[in-house]
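Just so it is clear, the values below take in all heavy atoms, side chains as well, and ignore hydrogens, waters and symmetry mates. Residues: numbered from 1 along the sequence shown.
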Amino acid sequence: MAEAHYPYPDIERHPLQPFLPSNAQILMLGSFPPPKERWCMDFFYPNPQNDMWRIIGLVFFGDKTYFEGPSDKVPSTKANKKVFNREEIVAFCQAKGIAIFDTAQAVIRLQGNAADEHLEIVEQTDIAALLQQIPSCHNLCCTGGKAAQTLAEILHCATPKVGEYTETHFADRTIRFWRMPSSSRAYPLSLDKKTASYRRMFEAINLL
């Protein structure tokens, strides 16, 4: 995908390449990564305060710490165990067929933080181009409200309720568009209830 160039220095390009295993059954889509100073690894959902990899650990292994430390950026110590092991996460997603990217390719952080409500999307992701690279993928999962709103615009369909999906046709295939609760701790739902929603989705697409 060709890199675009913008005249304004406050426009931030996506720092990661799409993660697209050839066997992908589902493409998980957030809004945009947090600022780099909050990362503990060079991969998606890199903030130790975000619970995505704890949710995935609970769903597939019954252990919220399964993917924790050491990471490629922050060594695990007794004082700091809340880091993620990128190598284990990548290997797991490749084996399961879980692709990951975000709904925005370029944004402006209106207040310099990671909050969705303070993101102005300058360029949406070309979802159709991603799907061309993962022909077995018929499930798109948004992991937050901003991502779901953006994907609904791209797909030209209604936004599902949290924990549910809507079916649509896009990029020459039938798509299930899932809207999952945000893995951010700012989202007012317990970890157990978030995990239950993700478990139902992974069961429905036969990854569990």
Heavy-atom side-chain proximity of [X] to [Y] below 4.5 angstrom:
X	Y	answer
R13	E123	yes
L140	W178	no
R86	F84	no
N85	M41	no
F177	N139	no
F61	I56	no

Are any side-chain N or O atoms of T125 and backbone N or O atoms of I127, one a donor and one an acceptor, separated by less than 3.5 Å? no

Taking Q49's backbone N and O only, do any of them form a donor-acceptor pair with R185's side chain (distance below 3.5 Å, no angle check)? yes

For the student: nearest non-hydrogen atoms of [X] and [Y], plus distance:
X	Y	answer
P15	K36	CB-CE, 4.2 Å
M52	Y198	CE-OH, 3.5 Å
L208	E203	CD1-CG, 3.7 Å
H169	T174	ND1-N, 3.8 Å
Q17	F44	O-CZ, 3.5 Å

For [X], what residues pass the side-chain contact (heavy atoms from CB on, under 4.5 Å) criterion, not counting sequence neighbours?
X	result
Y187	V162, P181, S182, L189, K194
A91	none
L191	D51, I55, L58, K64, T195

Hey, can you pull the donor-acceptor pairs under 3.5 Å for the side chains in residues 142-154, sequence neighbours left out?
unit_1, atom_1, unit_2, atom_2, d
T143, OG1, L29, O, 3.4
T143, OG1, Y45, OH, 2.7
K146, NZ, L119, O, 3.0
T150, OG1, K146, O, 2.9
E153, OE1, Q124, NE2, 3.0

Can you list, pair by pair, the side-chain donor-acceptor contacts under 3.5 Å of residues 18-28, counting residues two or more places apart and other chains?
unit_1, atom_1, unit_2, atom_2, d
N23, ND2, Q94, O, 3.1
Q25, NE2, N23, O, 3.1

Run through F43, F60, W53 and flag the one making a ring-ring contact (aromatic ring centres under 6.0 Å, His included) with F92. F60

Would you list the pairs meeting side chain to side chain donor-acceptor pair (under 3.5 Å) in which at least one residue belongs to residues 155-168, sequence neighbours left out? none

Interatomic spacing from CD1 in I100 to CG in L16 - rounded to 0.5 Å: 10.0 Å

Side chains of [X] and [Y]: is there a donor and an acceptor less than 3.5 Å apart?
X	Y	value
W39	N47	no
S183	N50	yes
S190	D192	no

Is it true that R109 and E120 make a salt bridge, defined as a side-chain N closer than 4.0 Å to a carboxylate O? no

